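Along the sequence shown, the residues carry numbers beginning at 1. Because the structure is a prediction, the values reported are computed rather than measured.
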Amino acid sequence: GTAALIWNELIWEKVTNFIMNQSKEQRILNFVLQNAVRGDPRSVVDTIDKYCSQKEWAMNVGNEKGLILDKTVEEVNPSVALELGTYCGYSAVRIARLLKAGARLLTVEFNPEFAAIAKQMIEFAGVQDKVKLLEGPSEEIIPQLKKKYEVDTLDFVFLDHWKDRYTPDTILLQECNLLRKGSVLLADNVIFPGAPEFLKYVRKNPHFQCTNYPSHLEYMEVEDAMEKAVFLG
């Protein structure tokens, strides 16, 4: 799995970027703009999956783990959701299409280039009225959620950013009183590339009830999993 990722991310991608004079993320967006149906989030998600499984690997949650994400969102039926790590907007679109009327998703992206791509992706999918893209580091944005973005508590949090931020950001969510009894956290890539500190933290914490969902790394046969942690208050 590591060798495949190194090949995809460091060698093949850099060569292609140089030849085509654009980023992989821009190529994904262009493929969607040319092949997906405007205003149809399902079509956008399916088109990204097609590109990433057939042309170039990318770190979206992907189709297999996407079903776990869908099921969790449907079970929680959140009014206010938070995503940490927007990337190209794949999971933001995937989550937003399942939100009830009046519900909203705040999605946080540190990389300005990714944020610009995601903004276009979200608008093309027609879910911009449900999604607010916040650009900057998660550790700066989380403490602003209550006052600046009028968040009381979060019903659902999807962690899919830097793996070493999973634990400190979970602690920060608690310290900022953003979790209520029943708030659900879902963390991606807990096996590959792995988030051992996060697993240790939530599984040994009496305030969380955890469920593990074995799966595979997006668009690969590499073993991975998602971890659901329900906040018990």
Side-chain angles (χ1 to χ4, degrees), residues 61 68-87 89-111 114-115 118-119 122 127-190 195-213 226-233:
V61 67
I68 300 167
L69 175 61
D70 290 355
K71 185 171 179 286
T72 309
V73 171
E74 285 169 340
E75 284 171 0
V76 177
N77 192 22
S79 294
V80 185
L82 173 69
E83 175 183 44
L84 300 175
T86 316
Y87 188 43
Y90 174 94
S91 46
V93 171
R94 190 156 193 142
I95 293 167
R97 82 187 208 288
L98 299 172
L99 294 180
K100 60 193 171 190
R104 59 182 176 140
L105 167 67
L106 301 158
T107 182
V108 179
E109 179 51 57
F110 175 73
N111 183 317
F114 294 168
K119 188 171 184 290
I122 289 161
V127 293
Q128 69 274 14
D129 58 329
K130 290 183 175 180
V131 182
K132 187 166 187 64
L133 181 61
L134 310 177
E135 197 179 315
S138 54
E139 62 268 33
E140 288 180 16
I141 290 174
I142 289 169
Q144 299 176 345
L145 289 176
K146 276 193 183 281
K147 281 190 177 175
K148 192 171 179 182
Y149 301 104
E150 298 176 347
V151 173
D152 180 20
T153 53
L154 298 160
D155 305 307
F156 176 70
V157 181
F158 183 44
L159 298 99
D160 197 16
H161 56 331
W162 298 106
K163 309 313 156 200
D164 60 359
R165 289 296 321 165
Y166 281 20
T167 307
D169 283 348
T170 299
I171 293 168
L172 197 53
L173 288 168
Q174 291 171 266
E175 288 174 346
C176 294
N177 295 314
L178 285 158
L179 302 181
R180 57 158 178 83
K181 187 178 180 180
S183 291
V184 173
L185 276 60
L186 184 68
D188 191 19
N189 302 121
V190 296
E197 286 302 313
F198 172 78
L199 292 182
K200 191 170 151 189
Y201 176 75
V202 289
R203 288 175 180 178
K204 291 191 170 182
N205 192 322
H207 294 289
F208 288 100
Q209 183 178 29
C210 298
T211 311
N212 187 264
Y213 298 101
M226 301 178 95
E227 187 86 359
K228 181 171 85 171
V230 181
F231 188 64
L232 303 175

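- Taken to the nearest 0.5 Å, the OG1 atom of Thr86 stands 11.0 Å off from the CZ atom of Phe158.
- Counting heavy atoms from C-beta outward, Arg203 and Lys200 have side chains that stay 4.5 Å or more apart.
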Discussion item. The test is side-chain contact (heavy atoms from CB on, under 4.5 Å); show your working for Ile122 and Val93 and say whether it passes.
Written reply: CA-CA 6 Å; Ile122 289 161; Val93 171; 4.3 Å; yes
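- Here the side chains of Asp70 and Arg94 are in contact, with some heavy-atom distance below 4.5 Å.
- Under a cut-off of 6.0 angstrom, the local environment of CD in Gln209 is sparse, with at most 12 non-hydrogen atoms contributed by other residues, nucleotides or ligands.
- Val157 has its side chain out of reach of Leu178: every pair of non-hydrogen atoms, C-beta onward, lies at least 4.5 Å apart.
- Looking at Leu173 and Leu82, their side chains come closer than 4.5 Å, going by heavy atoms from C-beta outward.
- Heavy-atom minimum distance, Thr72 versus Val184: CG2-CG1, 3.9 Å.
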Discussion item. Applying side-chain contact (heavy atoms from CB on, under 4.5 Å) to Ile141 and Leu84, what does each step give before you reach the verdict?
Written reply: CA-CA 10 Å; Ile141 290 174; Leu84 300 175; over 6 Å; no
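- Smallest separation of non-hydrogen atoms from Val76 and Asp155: CG1-O, 3.6 Å.
- Closest approach of Arg104 and Glu150 over heavy atoms only: NH2-O, 2.8 Å.
- Side-chain contact between Glu139 and Pro168 is absent, with no heavy atoms from C-beta onward closer than 4.5 Å.
- Side-chain contact between Thr153 and Phe231: absent, with no pair of heavy atoms (C-beta onward) separated by less than 4.5 Å.
- Summarising the geometry of Pro206 relative to Leu232, their closest heavy-atom pair is O-CD1, 3.6 Å, with the distance given to 0.1 Å.
- In terms of heavy-atom proximity, Tyr201 sits nearest to Gln174 at OH-OE1, 2.7 Å.
- Ile142 contributes atom CD1, which lies 4.0 Å from atom CG of Asp169 (distance to the nearest 0.5 angstrom).
- With hydrogens and angles disregarded, a donor-acceptor distance shorter than 3.5 Å links the side chain of Tyr166 to the backbone of Asp188.
- Between the CG atom of Leu98 and the CZ atom of Phe156 there is a distance of 10.0 Å, given to the nearest 0.5 Å.
- Other residues, nucleotides and ligands contribute over 12 non-hydrogen atoms within 6.0 Å of the CD atom of Glu74.
- Test Leu105, Val80, Val127, Val131 against Leu99 for side-chain contact (heavy atoms from CB on, under 4.5 Å) and you get one pass: Leu105.
- Side-chain N or O atoms of His207 include one that pairs as donor or acceptor with a backbone N or O of Gly233 at under 3.5 Å.
- Here the straight-line distance linking atom NE2 of His161 with atom CZ of Phe110 works out to 11.5 Å at 0.5 Å rounding.
- Lys100 NZ: more than 12 foreign heavy atoms inside a 6.0 Å radius.
- Atoms CZ and CG, from Phe198 and Asn189 in turn, are 12.0 Å apart once rounded to the nearest 0.5 Å.
- Between Lys132 and Asp129, none of the side-chain N atoms (NZ, or NE/NH1/NH2) sits under 4.0 Å from a carboxylate O, so this pair counts as no salt bridge.
- Listed here is the closest heavy atom pair of Gly136 and Val108: O-CG1, 3.5 Å.
- Between Lys228 and Glu75, at least one side-chain nitrogen of the basic residue sits less than 4.0 Å from a carboxylate oxygen of the acidic one, meeting the salt-bridge criterion.
- Proximity of a side-chain donor or acceptor of Lys146 to a complementary backbone N or O of Asp152 within less than 3.5 Å is detected.
- Atoms CE and CG, on Met226 and Asp160 in that order, are 7.0 Å from each other to the nearest 0.5 Å.
- Note on ring orientation: taking the six-membered ring where Trp is involved, the planes of Phe114 and Tyr87 are perpendicular (angle over 60°, cut-offs 30° and 60°).
- Counting heavy atoms from C-beta on, the side chains of Cys176 and Leu145 never come closer than 4.5 Å.
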